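By convention here, the first residue in the shown sequence is residue 1. Keep in mind the model is a prediction, meaning the values are calculated, not measured.
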Amino acid sequence: MDREQLMGYVRNQMPERRWLHTQGVMETAVRLAKQYGADPEKAELAALLHDLAKYWPIDKQREMVRVHGLYPDMLDYDDVLLHAHVGAYVAKTELGIEDEEVLDAIRFHTSGREEMTLLDKVICLADYIEPGREFPGVDGIRRLAERSLEEALIAGFDSTIRYLIAQGKKIYPLTVLTRNSLIDQLRGQ
């Protein structure tokens with residue numbers, strides 16, 4: 001598929017408001033990629049595809065995770081994590097995306113992972129701060145993003161962890177490990 005076909009495919013997978021979010025993530029990801037030295041074309045592609053399975057029925061997502069062994073430990077946590085891994089799987093198997101760097105950026109855009117790549121960081125942060133996002137603290141994260149991907153991501157993960165605690169939800173352990181890894185990177189460890 002070419003870029004326009006991919007955009008049409010993704011747009012058909014979600015409501016209009018999520019498509020606007022996806023466009024915001026694409027624009028933000030390209031800007032962050034240029035600012036921090038990542039590949040803008042890969043950033044745009046990963047951003048375009050990052051939420052392609054977000055609005056698929058949860059039962060379908062859970063089944064795909066089980067059948068294809070896509071990090072099945074996620075099934076014990078918040079369902080919102082599933083779409084990232086399902087999306088990466090669909091991007092590879094149905095859309096023909098072979099670039100593992102792009103697929104990983106899609107796969108880990110919600111949880112992060114230890115030793116995130118530059119592209120992982122760009123996509124994860126772009127998802128947090130695209131212009132349509134409104135949540136307490138987002139402007140502070142946007143300001144941090146002007147000087148440090150790692151500081152901004154830590155603030156983003158802190159926000160997510162606080163939200164999950166306030167909601168009485170379990171925290172996916174990889175999210176905590178990601179935050180700790182980013183702190184180590186900032187300290188030069």
Side-chain angles (χ1 to χ4, degrees), residues 1-34 36-75 77-130 132-133 149 153 156-157 160 172 174-175 177-178:
M1 281 189 194
D2 65 24
R3 183 178 184 275
E4 294 307 312
Q5 289 171 318
L6 283 175
M7 290 182 76
Y9 176 87
V10 172
R11 188 174 189 165
N12 287 332
Q13 304 301 311
M14 58 186 60
E16 185 64 18
R17 64 183 168 81
R18 183 53 60 167
W19 174 243
L20 294 174
H21 162 75
T22 296
Q23 291 176 303
V25 175
M26 291 168 65
E27 292 167 10
T28 304
V30 168
R31 180 176 52 79
L32 290 172
K34 289 178 179 175
Y36 288 102
D39 183 324
E41 289 183 22
K42 288 185 178 187
E44 183 182 55
L45 179 59
L48 170 62
L49 299 173
H50 83 285
D51 272 350
L52 76 88
K54 176 92 174 180
Y55 287 90
W56 289 19
I58 292 299
D59 289 345
K60 180 177 179 179
Q61 292 184 47
R62 294 179 73 79
E63 182 66 16
M64 288 185 73
V65 167
R66 271 191 294 274
V67 168
H68 301 292
L70 309 173
Y71 288 75
D73 63 320
M74 288 185 309
L75 295 170
Y77 297 90
D78 197 322
D79 286 336
V80 75
L81 293 166
L82 303 174
H83 77 279
H85 293 270
V86 172
Y89 179 80
V90 171
K92 183 171 186 171
T93 60
E94 294 184 24
L95 304 178
I97 305 300
E98 295 292 334
D99 188 323
E100 286 297 326
E101 190 179 6
V102 169
L103 295 170
D104 280 341
I106 298 167
R107 188 175 290 124
F108 297 106
H109 82 269
T110 55
S111 65
R113 62 175 170 163
E114 293 180 278
E115 305 298 325
M116 292 175 81
T117 66
L118 181 57
L119 188 61
D120 291 346
K121 293 174 184 175
V122 164
I123 299 306
C124 189
L125 184 57
D127 191 31
Y128 268 119
I129 66 169
E130 65 91 6
R133 287 284 198 195
L149 285 174
L153 281 168
F157 286 118
T160 298
Y172 187 50
L174 188 55
T175 300
L177 294 172
T178 301

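- Contact record, L81 with S111: CD2-CB, 4.3 Å, taken as the closest heavy-atom pair.
- Going from atom CG of L70 over to atom CZ of R62 covers 13.0 Å, rounded to the nearest 0.5 Å.
- Remark: T175 pairs with no residue by the side-chain hydrogen bond (donor to acceptor under 3.5 Å, both in side chains) rule, at least two apart or across chains.
- L119 is not listed as a side-chain neighbour of D39, based on a closest heavy-atom distance of 4.5 Å or more.
- Atom OG1 of T22 sits about 11.0 Å away from atom CZ of R17, to the nearest 0.5 Å.
- Formation of a donor-acceptor pair under 3.5 Å by the R113 side chain with backbone atoms of L174 is not found in this model.
- Take E41 and apply the side-chain hydrogen bond (donor to acceptor under 3.5 Å, both in side chains) test, not counting sequence neighbours, and it matches no residue.
- Applying the ring pair (Phe, Tyr, Trp, His ring centres under 6.0 Å) test to every pair with at least one member in residues 1-22, sequence neighbours left out, gives these pairs: H21-H50.
- Looking at heavy atoms from C-beta onward, Q13 lies in side-chain contact with W56 at the 4.5 angstrom threshold.
- Residues passing the side-chain contact (heavy atoms from CB on, under 4.5 Å) test with E27, sequence neighbours excluded: none.
- Taking the ring centroids of F108 and Y71, they lie under the 6.0 Å cut-off.
- Going from atom OG1 of T28 over to atom CD1 of I123 covers 10.0 Å, rounded to the nearest 0.5 Å.
- Two residues are said to be in side-chain contact when any heavy atoms from C-beta on lie closer than 4.5 Å; M74 and Y172 meet this criterion.
- Here the closest heavy-atom approach between residue V122 and residue A29 is recorded as CG1-O, 3.4 Å.
- Residues M64 and L82 have side chains not in contact (no heavy-atom distance under 4.5 Å, counting atoms from C-beta outward).
- Q61 has its side chain out of reach of D79: every pair of non-hydrogen atoms, C-beta onward, lies at least 4.5 Å apart.
- Two residues are said to be in side-chain contact when any heavy atoms from C-beta on lie closer than 4.5 Å; D104 and E101 fail this criterion.
- At least one donor-acceptor pair closer than 3.5 Å links the side chain of N12 to the backbone N or O of G8.
- In this view, E94 satisfies the side-chain hydrogen bond (donor to acceptor under 3.5 Å, both in side chains) rule with no residue, not counting sequence neighbours.
- For Y36, the side-chain contact (heavy atoms from CB on, under 4.5 Å) partners are L32, L118, L149, not counting sequence neighbours.
- Residues V80 and K54 have side chains in contact (heavy-atom distance under 4.5 Å, counting atoms from C-beta outward).
- Using a 4.5 Å heavy-atom threshold, the side chains of L45 and K42 count as separate.
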